[in-house]
Amino acid sequence: MTELILTEKFSVASDFAKALGVKNKKDGYFEGDAHVITWAVGHLVELFEPDDYDAGLKKWRVETLPLIPERFRYKPITRTLQQFRTIKALLTQRQFDRIIIATDAGREGEVIARTILLESGFRDKERIMRFWTSQALVPKVVRDTMNQLKPITDYDRLWRAGYYRQVSDWLVGMNLTRLMTVRLGDLFSVGRVQTAVLAMLVDRRNEREHFIPETYWNFKVLFSGDKGRWTGRWFKEKETRITDKPQADALLERFQAEKAPGVVVSMKKETKQEPPPLLFSLTDLQQEANNRFGFPAKKTLAIAQALYQDRKCLSYPRTDSKVLGTASLGLVNTVLGKLEQACPDLFAFVDPKRVSLSNRRVFNDAKLTDHHALIPFKPISEAASRDEKLLFDLVVRRFAAAFHPDCRFESTRVVTLFAKETFQTRGKVILDPGWQRVYGTGIRDKAEAEIIPPLVEGDEGAVEKIEREEKQTSPPPDYSDSLLLKDMTNPGRYVAEEEIKRLYRGDIGIGTQSTRAQIIETLISRGYVQRAGKRLLATDKGGYLVTQLRKCPISSVLTSPEETARWEMQLNTIALGEGSDIRFLDHIKAFVTNAVAELKSAGLNVKLFKAEQPQAAVIGICPACGKAVRENPKAFSCEDRGCEFVIFKRIAGKSISAKMATNLLQYRKSGPFKGFISKKKKRFSASLKIVNENGHWKVTFDFNNQGKASSNNGQASPDPRRSISTVERVRSEPRGPESLSAPGSEPTQGAETMRCPLCNGTIIEGNRGFGCSNWRPEHGDCRFVIWKEIAGKTLTLQNLETLIAGKKTRPYVLKNSNGDKFKASMKMVKAPGQGVAIEVEPQGEGQGFKVLCLR
DNA sequence: GCAAGGTC
């Protein structure tokens with residue numbers, strides 16, 4: 001008997017080949033005695049474009065809308081046509097006893113297989129079987145599941161649900177994008193997913209713009225008794241804030257007037273346990289990598305893909321599952337064995353009892369989706385990039401943590417009665433860090449870790465200090481990739497209606513794990529959203545589209561995340577055989593028809609949008625005028641229009657990368673590089689340098705010094721006249737409020753590196769300041785920073801060296817906070833309890849030092 | 001010039 005097996009992707013086909021002992025690889029498939037195994041590359045077939053139905057539809061016109069094809073048709077996707085033809089030939093030109101569909105176990109997997117069969121003209125359903133499992137495809141799982149093949153008709157409903165998903169997205173997207181674009185005179189894309197997400201970003205921008213901060217007050221009282229001190233925070237029922245000023249004043253007066261001590265009225269101690277976090281889904285990993293390293297979702301996906309595909313140390317990344325299947329216990333044991341050897345520290349406290357099927361937080365078939373959670377397969381290669389290692393480390397730690405004991409801690413809550421008001425004190429002592437060992441003990445609960453004396457009810461404490469804190473309410477934060485992914489995954493948090501909240505209780509989100517990163521990028525490329533560091537900000541254009549759609553009652557549902565969830569719910573019922581597909585499609589068609597009619601006649605404000613292009617990245621400093629040099633399509637040029645300095649992206653036939661340009665700007669010389677082509681078509685090598693000829697700065701070749709700096713990534717040594725030390729230039733995202741960046745590559749070789757005066761770490765350069773490479777909590781949480789601009793003066797590299805060496809700079813003209821100018825030199829001093837400060841020493845007499853820059 | 005969903 002011969003069988004044809006069709007998988008969704010090459011990696012799965014090769015898992016099958018391994019399990020079935022098929023070794024003979026042909027072009028586009030594996031060939032064995034009993035099996036031929038071939039693979040798709042995701043979707044190989046797509047819906048017709050409008051102009052495939054009718055060439056007249058190539059032009060976008062309002063009059064041709066709504067576009068509602070009588071019958072939807074498919075065509076092969078050009079990019080993967082070769083593979084489609086291979087599969088079609090196998091299906092139609094060879095006789096197999098059975099065709100086994102082994103695409104991923106989910107709705108889209110079903111669509112991928114069915115559309116290939118459809119477009120190949122293969123109709124013999126009797127011979128088609130479905131291979132269905134979400135377990136990791138180790139050989140045993142493949143062989144066992146091959147013995148439990150299902151008739152394909154069991155999955156017809158799933159295929160229909162997938163088909164309606166495709167078709168309804170097409171109807172909404174094609175019609176409303178064309179309509180809004182033609183009516184508003186600029187490209188305005190509209191879609192079920194992208195418009196709902198855009199609306200979330202626009203709403204957040206509006207909330208923040210219209211937010212009015214309110215002042216409120218807290219009270220803290222420091223009690224002191226025989227057993228020690230404790231701080232109580234005022235509360236009444238669940239409230240800890242007082243929003244009324246007279247009330248706050250009255251309370252303060254009462255507290256100050258009160259002579260009697262505080263009395264402990266309750267003391268509760270509980271031992272609590274916190275289980276390890278669940279294994280990573282892609283979205284969780286993207287969130288964590290965005291929070292910790294500032295990686296955009298797309299970057300994390302790309303790195304994870306490389307770890308999976310090239311380095312083969314990570315499982316399939318596009319998964320929304322946070323568990324493994326019960327068939328993966330053996331796999332887990334193998335992986336644990338390999339990783340233990342590579343990083344024994346992380347696995348020293350693994351609890352063998354947790355490495356068993358009784359660990360339902362890890363092994364849970366009921367919670368498996370198309371794929372299982374992200375896990376490591378083996379230690380990462382030494383050759384991997386820094387970013388790859390960072391990301392992989394997150395996965396390994398999460399994996400290790402999953403097999404650790406719970407974190408056990410003792411939580412204490414003390415209530416003290418003072419002046420007839422109640423004050424609470426919370427403490428937390430970690431008894432056994434359990435899985436937190438993997439992350440370094442106690443990082444997570446720093447804020448709460450207050451040590452409380454062993455109080456009992458009735459203990460008295462004299463009042464030592466009464467503190468009133470004035471605070472302001474803050475608006476919800478701007479979205480980052482991380483926060484947006486969270487709300488896309490779990491939109492119910494922002495949905496008011498109880499009924500709809502319930503819809504989200506299942507696993508319904510907006511978009512899918514495979515596309516969420518892409519949706520964010522689409523919004524950016526449409527000019528709806530901009531990145532500003534970690535933040536994602538809706539632009540005026542994005543806000544405008546949402547406003548126009550919301551003017552129209554029918555179309556406005558696209559701007560509500562609820563609607564996308566309703567569609568998902570209905571598709572689910574179709575997949576389960578409970579819903580009517582015809583009614584669903586009729587509903588969507590009616591929606592599109594009505595929305596088109598409504599928007600055709602709506603009084604839309606037509607407004608012209610200049611592309612709000614985010615500024616291109618700064619790649620260096622202009623040698624001619626000191627302003628930023630930015631990348632543009634053809635060159636790296638000075639942002640000052642009046643300055644003509646430019647480094648073209650092609651020099652003598654060779655492409656110049658941003659990295660090369662950065663080096664060139666920093667060191668005035670870079671190379672040597674191979675691959676230039678002379679006017680006589682001869683190849684040659686040369687370094688590039690920046691020279692000043694008659695007051696004109698330009699890039700020229702340098703033929704000296706050939707081959708000398710090759711050990712240094714093609715980077716020349718720094719120009720000795722410019723600096724004796726170097727600072728690592730960091731080009732990743734800024735972190736936190738200080739806007740210092742994460743460290744980039746290793747410190748530049750060949751030059752003395754500057755050291756942090758507090759912890760001896762490496763000095764790294766961020767966007768706004770020079771900081772310490774040990775800024776991460778796990779590296780020592782060093783907060784050292786010197787801002788690049790101090791009192792209106794921009795520091796030079798030489799100033800920085802002088803300051804770090806503890807020496808005084810020469811006097812400069814500086815400005816104080818009132819804008820008054822004065823002349824002073826700067827020096828770094830130890831500031832008590834604060835790390836370091838930069839002081840300026842005014843030139844005038846008797847003015848003393850003035851602290852201008854605390855860390 | 002359009003959607004969203006796969007995979008590269």
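It should be emphasised that the depicted structure is a prediction, and the values quoted were computed from it without experimental measurement.
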Would you classify A:Asp104 as touching base, sugar-phosphate or nothing, given that sugar-phosphate means primed atoms plus P, OP1 and OP2, and contacts are heavy atoms under 4.0 Å? sugar-phosphate

Go through the side-chain N and O atoms of A:Asp320 and A:Thr369 and say whether any donor and acceptor fall under 3.5 Å apart. yes

Base, sugar-phosphate, or nothing for A:Glu49, non-hydrogen atoms under 4.0 angstrom? base

Does a donor on one side chain sit under 3.5 Å from an acceptor on the other, for A:Ser555 and A:Glu598? yes

Which is more 5' along DNA chain B, the nucleotide nearest A:Ser514 or the one nearest A:Gly173? Just name the residue. A:Gly173

Counting any heavy atom closer than 4.0 Å, what does A:Val111 reach on the DNA or RNA strands: base, sugar-phosphate only, or nothing? nothing

Which residue lies more 5' along DNA chain B, comparing A:Leu57 with A:Ala40 via nearest heavy atoms: A:Leu57

Check whether the ring centres of A:Phe16 and A:Phe131 lie less than 6.0 Å apart, and answer yes or no. yes

Checking side-chain polar atoms at under 3.5 Å, does A:Thr153 have a donor or acceptor matched by the opposite partner on A:Asp156? no

Indicate, with a heavy-atom threshold strictly under 4.0 Å, whether A:Gly109 touches base, sugar-phosphate, or nothing. nothing

Have A:Arg526 and A:Gln194 got a donor and an acceptor in their side chains that come within less than 3.5 Å? no

For a quick check of understanding: with a heavy-atom distance under 4.0 Å over all strands, which category does A:Thr181 fall into, base, sugar-phosphate or nothing? base

With A:Arg130 via salt bridge (Lys or Arg N to Asp or Glu O under 4.0 Å) - residues at least two apart: A:Glu110

So what does A:Thr515 hit on the nucleic acid, given a heavy-atom distance under 4.0 Å: a base, only sugar-phosphate, or nothing? base

Describe the nucleic acid contact of A:Arg107 in one word from base, sugar-phosphate, nothing, applying a heavy-atom distance below 4.0 Å. nothing

Exercise: do A:Gln83 and A:Tyr29 side chains pair donor with acceptor under 3.5 Å: no

What does A:Gln518 touch in the nucleic acid at a heavy-atom separation under 4.0 angstrom: a base, only the sugar-phosphate, or nothing? base

Using a 4.0 Å heavy-atom cut-off, does A:Val193 contact any base of the nucleic acid, only the sugar-phosphate backbone, or nothing at all? sugar-phosphate

Would you grab the first and last nucleotide of DNA chain B (5' to 3') that comes under 4.0 Å of any non-hydrogen atom in chain A? B:dG1 to B:dC8

